[in-house]
Amino acid sequence: QMADPFLYDTGERSHYGCLGHEVQIEYLKAYVCRPSFSTDKAVIVVHDVFGWRFPDIRYIVDLIAGHGYITICPDFFKGTEPWKSTDHWPDFPDWMKNHDPMKVDKEADVVLKYLKEQCGAKKIGIVGFSWGGMAVHHLMLKNPHLTAGVSLYGIVRDSEERYRLLNPTFFIFGEKDHTISLDQIFLLEDKLKQYCKVPYKIKVYPGQVHGFAQLKPEDMKPDDKPYIEEARRDMIDWIKMFV
């Protein structure tokens, strides 16, 4: 029996009044939020298993846009069903087989093209959570057009090539994440020291579980709030440094 990797309760979400709008880009739907002024900087947000419509992820898109970036969250599941909190954990491995975070290259290219041609973006960063964090780690190894990346509690596990990052990448972890052990984090750090030629950073936030950083303010527990806010500030600072 696999433990539920999402320790935060996804049942009763407060409805989030989004600031952005939905667009169709070739075969992909996407949620886009623009800052109040024009800019040539953009950020792609990669959702977690709950998909591109999940309120928490839209909150993050709007938050990043508020810092001055054209921010977009495409449906990386291409119209297929996201995982739902009512689904059964024994089915999760099968669901993952059909939703492989390493198979996002084509979608990333479609979105990059849209941001460059339709939005005038010249520098484009990427941020991803959990499933999306794995996708970000993968893309930062493969796609040189992504200026910088932030992977929140998601790593590529089974490739010896996974340490040769192309551009600056920041890995954010919760200390109590039972899907990523501290051993794995130490191994990542060790190997990046050996192989990585670009700036990188790894940071572990005390007492935090998987999924901690995308909670909306009203869903945060007081003890966790300072760490959640710190992780978000760190995420934005990394983007601002390189994008």
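Just so you know, residue 1 is the first one in the sequence shown, and it goes up from there.
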Chemist: So, do E175 and F212 sit near enough that their side-chain heavy atoms are less than 4.5 Å apart?
Modeler: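 No - every pair of side-chain heavy atoms lies 4.5 Å or more apart.
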
Chemist: Can you check whether W95's main-chain N or O pairs, donor with acceptor, with H99's side chain at less than 3.5 Å?
Modeler: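 Yes; judged by distance alone, with no hydrogens or angles, the pair exists.
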
Chemist: Which heavy atom in D40 sits nearest to a heavy atom in G120, and how many Å separate them?
Modeler: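 Of all heavy-atom pairs spanning D40 and G120, the closest is CB-O, 3.3 Å.
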
Chemist: Hey, does the side chain of R232 reach the backbone of A213 with a donor-acceptor pair shorter than 3.5 angstrom?
Modeler: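 Present.
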
Chemist: Is K225 paired with E229 through a side-chain N to carboxylate O contact shorter than 4.0 Å?
Modeler: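 Salt bridge present between E229 and K225.
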
Chemist: Could you tell me the separation between the CD1 atom of I202 and the CD1 atom of I185, rounded to the nearest 0.5 Å?
Modeler: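 Taking CD1 in I202 and CD1 in I185, the distance rounds to 8.0 Å.
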
Chemist: Of all the heavy-atom pairs spanning L28 and P74, show the shortest one and how long it is.
Modeler: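 In this case the closest contact between L28 and P74 is CD1-CB, 4.4 Å.
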
Chemist: May I ask you to test the R162-L141 pair for a side-chain heavy-atom distance under 4.5 Å?
Modeler: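 They are in side-chain contact.
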
Chemist: With a 4.5 Å limit on heavy-atom distance, are the side chains of F129 and D56 in contact?
Modeler: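 F129 does not reach D56 side chain to side chain.
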
Chemist: Is it true that atom NZ of K29 has more than 12 heavy atoms of other residues, nucleotides or ligands lying nearer than 6.0 Å?
Modeler: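 Incorrect, the count does not exceed 12.
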
Chemist: Examine distances only and state if a side-chain atom of E117 and a backbone atom of Y114 form a donor-acceptor pair shorter than 3.5 Å.
Modeler: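 Not confirmed, E117 side chain does not pair with Y114 backbone.
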
Chemist: Step through the shown structure and confirm whether more than 12 heavy atoms of other residues, nucleotides or ligands are within 6.0 Å of CZ on F186.
Modeler: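 Atom CZ in F186 is not packed in, count stays at 12 or less.
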
Chemist: Does any part of the side chain of F171, heavy atoms only, come nearer than 4.5 Å to the side chain of V150, both counted from C-beta?
Modeler: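 No. Closest side-chain heavy atoms not under 4.5 Å.
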
Chemist: Using atom types as modelled and distance alone, determine if a side-chain donor or acceptor of H138 lies under 3.5 Å from a backbone N or O of M102.
Modeler: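 Such a contact is found between H138 side chain and M102 backbone.
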
Chemist: Take atom NZ in K203; do more than 12 heavy atoms of anything else shown fall under 6.0 Å from it?
Modeler: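 Yes, enclosed.
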
Chemist: If the condition is ring pair (Phe, Tyr, Trp, His ring centres under 6.0 Å), which residues does Y163 pass it with, not counting sequence neighbours?
Modeler: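 Y163: no ring pair (Phe, Tyr, Trp, His ring centres under 6.0 Å) contacts found.
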
Chemist: Kindly indicate, with the supporting measurements, whether the criterion side-chain contact (heavy atoms from CB on, under 4.5 Å) is fulfilled by T71 and R34.
Modeler: CA-CA 6 Å; T71 312; R34 288 172 176 264; over 6 Å; no

Chemist: Examine distances only and state if a side-chain atom of H47 and a backbone atom of F76 form a donor-acceptor pair shorter than 3.5 Å.
Modeler: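 Yes, because the side chain of H47 sits within donor-acceptor range (under 3.5 Å) of the backbone of F76.
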
Chemist: Ignoring hydrogens and angles, tell me if any N or O in the side chain of R58 forms a donor-acceptor pair with the backbone of W52 under 3.5 Å.
Modeler: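 The answer is yes, because a donor-acceptor pair under 3.5 Å joins these two groups.
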
Chemist: Which atom names give the shortest non-hydrogen contact between Y153 and H210, and what distance separates them?
Modeler: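 Shortest heavy-atom contact: O-CE1, 3.4 Å.
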
Chemist: Is a donor on one side and an acceptor on the other found under 3.5 Å between the side chain of S151 and the backbone of H137?
Modeler: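 Not confirmed, S151 side chain does not pair with H137 backbone.
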
Chemist: In terms of hydrophobic clusters joined by side-chain contacts under 4.5 Å, are L166 and F170 together?
Modeler: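 Each belongs to a different hydrophobic cluster.
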
Chemist: Using a strict threshold of under 4.0 Å (side-chain N to carboxylate O), is an ion pair present between D94 and K97?
Modeler: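 Answer for the salt bridge query: yes.
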
Chemist: Would you say that V127 contacts V136 through its side chain, given a criterion of any heavy-atom pair below 4.5 Å between the two side chains?
Modeler: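 Of all side-chain heavy-atom pairs linking V136 with V127, none is under 4.5 Å.
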
Chemist: Would you sort out whether I180 and I155 count as a side-chain contact (heavy atoms from CB on, under 4.5 Å), showing the intermediate values?
Modeler: CA-CA 8 Å; I180 301 172; I155 51 175; 4.1 Å; yes

Chemist: Counting the benzene-type ring for Trp, do W131 and F77 have ring centres under 6.0 Å apart?
Modeler: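 Yes - the distance between ring centres of W131 and F77 falls below the 6.0 Å cut-off.
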
Chemist: Looking at Y205 versus F173, is the centre-to-centre ring distance below 6.0 Å?
Modeler: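 No, ring centres 6.0 Å or more apart.
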
Chemist: Indicate the atoms forming the closest heavy-atom contact of I72 with V111, along with that distance.
Modeler: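 Looking at all heavy atoms of both residues, the closest pair is CG2-CG1, 3.8 Å.
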
Chemist: Does R233 count as lying over the ring of W238, i.e. NZ or CZ under 6.0 Å from the six-ring centre, within 45 degrees of the axis?
Modeler: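 Here R233 fails the 6.0 Å and 45° test against W238.
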
Chemist: More than 12 foreign heavy atoms under 6.0 Å from NZ of K103: is that the case here?
Modeler: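 Counting other residues, nucleotides and ligands, NZ of K103 stays at 12 neighbours or fewer.
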
Chemist: Check whether the side chains of T179 and D177 place a donor and an acceptor atom closer than 3.5 Å, and report yes or no.
Modeler: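 There is such a pair between these side chains.
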
Chemist: I'd like to know if the side chain of T169 and the backbone of N167 have a donor-acceptor N/O pair within less than 3.5 Å.
Modeler: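 Present.
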
Chemist: Should D105 and N143 count as side-chain neighbours, where that means a heavy-atom distance under 4.5 Å?
Modeler: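 Of all side-chain heavy-atom pairs linking N143 with D105, none is under 4.5 Å.
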
Chemist: Using the side-chain contact (heavy atoms from CB on, under 4.5 Å) rule, take F54 and Q214 through it: C-alpha gap first, then chi angles, then the decisive distance, then the call.
Modeler: CA-CA 11 Å; F54 198 54; Q214 68 253 50; 5.9 Å; no

Chemist: Using the six-membered ring wherever Trp is involved, compare the ring planes of W83 and F92 and label them parallel, tilted or perpendicular (cut-offs 30° and 60°).
Modeler: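 Ring orientation, 0 to 90° scale: perpendicular.
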
Chemist: Check for a donor-acceptor pair, side chain of K41 on one end and backbone N or O of V243 on the other, with a separation under 3.5 Å.
Modeler: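 Confirmed, K41 side chain pairs with V243 backbone.
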
Chemist: Do L215 and I228 touch side chain to side chain, with heavy atoms closer than 4.5 Å?
Modeler: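 Yes, at least one pair of side-chain atoms sits under 4.5 Å.
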
Chemist: Do K191 and L187 come within less than 4.5 Å of each other through their side chains, counting heavy atoms only?
Modeler: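 The answer is yes; the side chains approach within 4.5 Å.
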
